[in-house]
Every structure is written in C-alpha cells, then in structure tokens.
*Asks:* 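Pasting in a structure now, in structure tokens, and then I'll have a few things to ask.
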Number of protein chains: 2
Amino acid sequence: MWCGPAVQRGAVGAGTGVMCRKGSMPIPQGPFTGRTVTDLARELRDRKTTSVDLVEQALGAVAVLDPALNAFVTVDAGGALEAARRADEELSGGADRGPLHGLPVAVKDMIMVAGVPATMGSRHFAGYVPDADAACVTALREAGAVVVGKTTTHEFAYGPTGDRSATGPSRNPWDPERMSGGSSGGSGAAVAAGMVPLALGTDTGGSVRIPAAVCGIAGFKPAYDAIPADGVFPLSTTLDHVGVLAGTPDDCLIAYRHLAGDGGGPGREGTEPVRVAWLDPGAVFDGDPRVTRTVRAASGASAEVRLSEEVAAELRETYLAIQSCETAAVHAERLERAPELFDAEVLERLRAAAELPGWRYVRALEARRRLAGTVGALFERHDVLALPAVPIVAPPVGAREMEVDGRSVAVRPALLALTSPWNVLGFPALTVPAGTVDGLPVGLQFVCRRGDEPLLFEAAARADAARTARTAD
Amino acid sequence: MWCGPAVQRGAVGAGTGVMCRKGSMPIPQGPFTGRTVTDLARELRDRKTTSVDLVEQALGAVAVLDPALNAFVTVDAGGALEAARRADEELSGGADRGPLHGLPVAVKDMIMVAGVPATMGSRHFAGYVPDADAACVTALREAGAVVVGKTTTHEFAYGPTGDRSATGPSRNPWDPERMSGGSSGGSGAAVAAGMVPLALGTDTGGSVRIPAAVCGIAGFKPAYDAIPADGVFPLSTTLDHVGVLAGTPDDCLIAYRHLAGDGGGPGREGTEPVRVAWLDPGAVFDGDPRVTRTVRAASGASAEVRLSEEVAAELRETYLAIQSCETAAVHAERLERAPELFDAEVLERLRAAAELPGWRYVRALEARRRLAGTVGALFERHDVLALPAVPIVAPPVGAREMEVDGRSVAVRPALLALTSPWNVLGFPALTVPAGTVDGLPVGLQFVCRRGDEPLLFEAAARADAARTARTAD
C-alpha cells in the first residue's frame, strides 16, 4: 500500500510521509504536488526556476515514480528539453506566452503529438508515429507548454477502468493496487503523483473525470466540441470530449482558456451568488452512501433536485446505444481483419457493440434531443448541479465486481453512472477533490449549461473555500 | 389499356380521345388537364368559375375516374364544398389569398388533415382520424387552397412502386395496368388524370418525383426541411421531404412559395444563362437507353459530368443504411406487437431493416457528409444537373422484375436509383415531362444546390421552350 498524494507533503528526494493512511507505505511525492500553474508561472518569472529545470524535475519524477504507477507509455525527454530551452529563451527575451509558458505537461496516448508514438493503448498501433500534432496539442504549444510524454489509456479509451492496455494498467498513486480510473488513467496518475502539473485527457463517458475523482485531483470536461477534437483518435464521435486534469480547478480553467476554440467564452457578469443544487445520485445509481455523504457535505448546495428513474434509465440506455454503435463504426475493419490484436475484454465488448441494431441508435439520437430539454429544465432555477463524480472509491486493478455497502456492484457501470449523462447531453462538467472515504479520494462533480462555465468554477471555488474553513475549525 | 393524359385532349363528359397509343383504350380526361394554376386563378378572378364549381368538377372527376385509378383513399366532399364556399365569399369580398385561393388540392395519406382519416396506407391506422392539420396543410389553407381528399400511398410510404397499400394499388392514368409509381402514387395519378390541379406528396427516396415522372407531370422535392414536415407521418426522418405534384413546374413553384418556411428563398439575380450539365446516369444505374436518349434530348444541357462508380455505390449504400435504420426505428413497436397488420412485402423489408447494425448507420451519416462535398463540387462549374428521374418506364402493377433492353432489371432499385441520391444529400430536385418511350411518359430531373431553386425552374422553363419549339418544327 502506498500513501496518497493529498496526504503526502514530501517531494522526490525528500521522502517524508505525513498523515499516511493506516497500514499504507509512505512514498515520495512528485515535484509538482501542491504547486499550481500560477505558482509555477510566478517562480519562472521570478527567475527562481527555468523551464528546463521544471522539465528535468518532471523527467526525474517519472523515472522514480512511474515504474510503480505506469502512468506513461512514452517519455520524450529530448523533445521536451529542447522545447524547454526554447521556452526559456523566449521568456528571457521578453516573449511571454502566458501562464502555461515553460510548464511540463503530459498528453493522453489517444491524442497525436507529432513525431512521438501514439499507441491508443493497443497492439493495433504498435510502432505508429503520427506526423502532426492534434489541434489541442498545437494550442498547448502555442501557449508555451512543453509536452514531456504520452500517458496510458485503456485500449482505444474503451473502458473506465484504465486497466486494459497493451502496455499494462495505470495505477492509483493513493494505492497502486487500485485503479487510477479510465480511460485517461495515466493522465490522472501522472498529475496526482505530482509528476506533471497538468495533463490532457479525453472524456467520452467520464474518462477525464473518473481518473481525476479516484486520484484526488481536478478534471474538467468542457461542453461538447468546445475544445476541437481534430487529431484525437475517436472512441465515439458525438460523445468524445477533450478535457484537462490538474491539481486545482483554477489550473483546469487556465488550460481550458487556451484550449477552447472560442477562448473559453465570456467571463461571468453580475454578482448574484451562484445557485448550486444537489442532484440526488440515488435515482441514477445506488452507490456507496459514505461517498454520497462526503461529497454532499462538500458541495455547498442550497437546494436539491432529482431525475426520475425513467430519465435516468433513458440517459443510461442512450449513452450505451450511441457509444456502442459509434465505437463499432470506428473499429469495424480491425474487428474483421485482426481481432486477435485487441485485448480480450475489449474485443468481447466491441463484438457486442457491433451487433446493436441501427434503429436503436436512431432512437438514442432522438432520446438525446428530448433529454437535453428535460434535464436542461433543471437549470431554469439552478445555475449548477452538484453530485459525486464517481459513486464508489477506486476499485482494485482488474476488479469487475466490488462490494459496496454490503452489496456486490458491477464496477464498469458504477464508474460511468454519474459522469456519462453529461457526455450524452454535452454539458460542461468539472470534478474537484471532496475528501476521502476509506482513505481514498472522492470527487465532487459540478455540471452546468454551455455558456455558464464561469459559474461552474465559481461553485468549485466556493465549495473549496468552505471546506478549507471547515478543516481549519 | 388506357390512353394517357398528355395525349388526351378531352374532358370529363366530352370523352374524345386523340392520338391514343396503339391498342389503348381512349378514356375521358379530368377537368384540370391542361389547366394551370395561373389559368384557374384567372378564371376565378374573371368570374368565369367559382371555387365551388372547381371543387364540384374535382369531385365529379374523382367519381368517374377514380374507380379505375384508385388515386384517392378518402374524399371529403362536405369539408371541401364548405371550404370552397368560404373561399368564394372571401374572393367576392376582395380578400385575395393569391393564386391558390379556391383551388382544389389533394393530400397524400401520410400527411395529416384535421378531421379526415389518415391511413398511411396501412391497416395499423384503420379508423385513425388526426385532430390537427400538418404544417404544410395549414400553409395550403392559409393560401386559400381547398383540400378535396387524401391520396393513396404505398404502405407507410415504404416503397417506390405504389402498389402495396391497405386500400390497394394506385394505377397509372396512361395505362392502369401499370404502376403510378410510389410512394405518392395516388397524388401522381390524381394530378395526371386531371382530377385536381395540384397535390401534396412526400419524397424520401423519390416518392414525389417517381410518380410525377411515370405519370407525365411535374414534381418538386425541395431542399431538406425547406417545407416543414410537422404533422407528416415519418418514413425516414433525415431523408423525408414534403413535395408537390402539378401539371407544370411553374405550378409546383407557386405552391412551393406558399409551403416553404422561408417563402421559397430569394429570386434569382443576374442575367447569365443557367448552366446545365448532363449527369450521365450510366455510372449510377444501367437503365433503358431509350429513356436516357429521350430525356437527354429534352435537357438543354451544354456540358456533361459523371459520378464515379464508387461515389454512385456509396450514395446507394448510404441511402439504404439511413432509410433502413430510421424506418425500423419508426416501426419497432408495431413490428413487435402486430406484425400481421403489415402488408407481407412491407413486413419482410421492415424485418430486414431492423437487423441492420448501428455502426453501418453511423458510417452512413459520415458518408453523407463526405458525399455532400464530393457531389457538391460538381456545382462549382454548373448551376443545375440534368438526368432522368426514373431510368425505366412505368412497370406493370405488382412487377418486381422487368425486362429492360433485353436484360432483367429489379424494379425497386431501378425506380429509386436516380432520385434517392438527392434525398441523401438534401438537394432540391424537380422532374418535368420529357416525352414518351413506348407511349409511356419519362421524366427529366433537374438538381441544384440549396438556394439555387430559381435556376432549377429556369432550366425547366428553357428545356420546355426548346421542346415546344422542336415539336412545332
């Protein structure tokens, strides 16, 4: 067992564990634990550090921590150091690209980085090297960020468990015997362990928010298509979102503003306090009541709303039908020609997905339009909905059933239950750390309508301030 | 056998057949043969007729002609005469709603007319009476038109042959042993026989243009969604178009301007002659070379373009995948609960459609976007494409194979081959009479991009003027 980053205050080389979970093994934290993008940007401009120094810290942390976590598939030390030197030259020359300038970042292995292998977590893409950056990588580079490497993904991002990949499962820094979630499990582990301050992920049913929640960091899935997906390998084209993982919601917001096609939209106007309603997760999924209680206490919600069980079921079925048909469309030729190259579980799921009749997909597209109205109506009286990101704590690596509150729960549906509705509807959703259950982190998820993103981050900041105040009591 | 309307100059009660096809039986023509909307509007305003008189002419023609043609499912004599009296009062009172004011029209039985049964050609809807007008019926009524009845449709509009309906096949006025096409076969027969001057149809793969072509009249399928489809029973929601059938393209245009949500768009500006290119139908379907020659001679085309066989095949497969999945989605519960109420052939086709895997539908939606670019590029150098509407003449009622140029041809794919691509792409398409082959009419189809509708009608007018000049030589 391994003591999680949120309760560790050491750094690589320091190695002092504090307040570790009972029975856990204290391990060193990475160099970026507890340092925000704003902190790092200030250090750089105060000449207390350089981009080369930050990248070397990241590379060193990867060397020390990654053997146990398997967060990285590929590390591009040469490319990163060269980019860091250019960033340092630009900053010294007075050419300042903003808060990400010179910062090391990691990129999920579903997202193309020119000249760096992209495996999609699959043997199908062994040896594949794209020759162009994805649009989101271009945006990060234009903001001055330095790509240090590619992070582990569930094979083809087709799984929220993060433990079926050609290069092995990524593992949770809070307990490497547990999942770091998926499919962006490597990005979650890399940020949570402090190896990098920021990482890109993709989120089709929760693949940014699930790793962020179970690894105790922040993760933001913007509105559908707010960050262009060009150069990102598809999982399910109308559900796929590019998102960001970082230590704090503010860091997610800073990155998002550089990544969004429209610069992240307008800031909030007016001074009315944000109206947060608790969305009772019970109708959607019967999860761990301790997770629900912990998250609700952190939410800052002043009202409560529910989805009917019919709407919850329709959201679930709509997600499954859309994802199955779109994913099978991506992989039909691979399924036909080289099924043996898929992971066995992924193959079984793809084959079932390829059988789903088309009329169910048509119905799902109709249901999505209808549900957008039904669920959207909740926002007439509330700005932001709050609910757990994941209704259970991180399951053990490889587990597909797990005991929760004395019941056996199927892991995959549990992980996806509270995140996937917001992919179906394309609504912005943010998860932030909300405490621990059994010494493992749980995530508080905020959801808003497109255009209300500033309210989402305001709700997160208020919840964090309240939690900090309570902790200080 | 029965002599077709385009070579008949008699009227009901006159009964003189002229230039009849060899071996055919001369029959009387309906009262609206050879009378355009503009003619009728003038007669009304010159007090030479009244709306009540026109409606009585229509009802009389239906009584005499329809037993042999089966164009009508329901005739609403009472409602029509009442509406005609109101139209006459309005016109006498100086309230002029424009050229359609007081004219009798027929409406396909897939389109709701308040208080009048709508069967969709199916036993599933025996006894069903909608309580509201479809949007297109509301628009016609606002233009002053008088609905005289509902016309025969292939069951649920699911077939271009028009010969599988709960109330029997509609028949071709040129030869009642032949199809009047489908699925708007009743509207085609009603206009072609001169029972009404104008009818509404729906067109999902050619269901307005196929009956118009094989019945020797004009039929216009506008751009996708240009006429709102509210209150129209769906066949395939992203392919369904409301369209109009009339004696001349000008009459279609007059009706379209009243039906289109935006009033039919702007008129054409500039005086450059319309550039018409012949689209070689050979790559798309190997039809009757006499049809191709006859239509091409009438086209007025000054250039020639081709689709590759790959593009043609992709258009065909895209149409079939989209239509199958969307149609199965409309009928899934009926298929499950009361399959015995469907016509046997329709049932067999629906069951096959319900099996098509969803990933093929996803691929078809992607292909549609790609094809819109590929085919749309043809319009960079040409305003309008010309090709046959249907590559064969009207097949016998019930035929599914037919000899064409010494080969056996499958009837359903032949009927749909040249019309369905424009449903996939949503482009406006108009068919106009282009002469006869074996004494049966053939249709010349013009296609343009959305927004270029005035050019489509200009091309039709020029082709007609050229044909008239040739005939006069």
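Chain identifiers are assigned alphabetically (A, B, ...) following the order of the sequence lines, protein sequences preceding nucleic acid strands; residue numbering begins at 1 within each chain. Source: prediction; values computed, not measured.
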*Asks:* Do you know which two heavy atoms are closest between Ala329(A) and Arg363(B), and how far apart they sit?
*Replies:* O-NH2, 2.5 Å
*Asks:* Considering non-hydrogen atoms only, spot the tightest contact between Ala354(A) and Trp359(B) and give its length.
*Replies:* O-CD1, 3.4 Å
*Asks:* Indicate the atoms forming the closest heavy-atom contact of Cys325(B) with Gly358(A), along with that distance.
*Replies:* SG-CA, 3.6 Å
*Asks:* Between OG1 of Thr238(B) and CG of Leu365(A), what distance do you get to the nearest 0.5 Å?
*Replies:* 10.0 Å
*Asks:* Does atom CD (Glu333(B)) have a neighbourhood of more than 12 heavy atoms from anything else shown, all under 6.0 Å?
*Replies:* yes
*Asks:* Name the member of Ala353(A), Ala328(A), Ala364(A) that forms the most heavy-atom pairs with chain B at distances under 4.5 Å.
*Replies:* Ala328(A)
*Asks:* With a cut-off of 6.0 Å (strictly less than), are more than 12 heavy atoms of other residues, nucleotides or ligands near CD of Glu340(A)?
*Replies:* yes
*Asks:* Look up atom OH in Tyr361(A) and atom CD in Glu326(B), then write down how far apart they are to the nearest 0.5 Å.
*Replies:* 11.0 Å
*Asks:* Determine whether more than 12 heavy atoms belonging to other residues, nucleotides or ligands lie under 6.0 Å from atom CD of Glu366(A).
*Replies:* yes
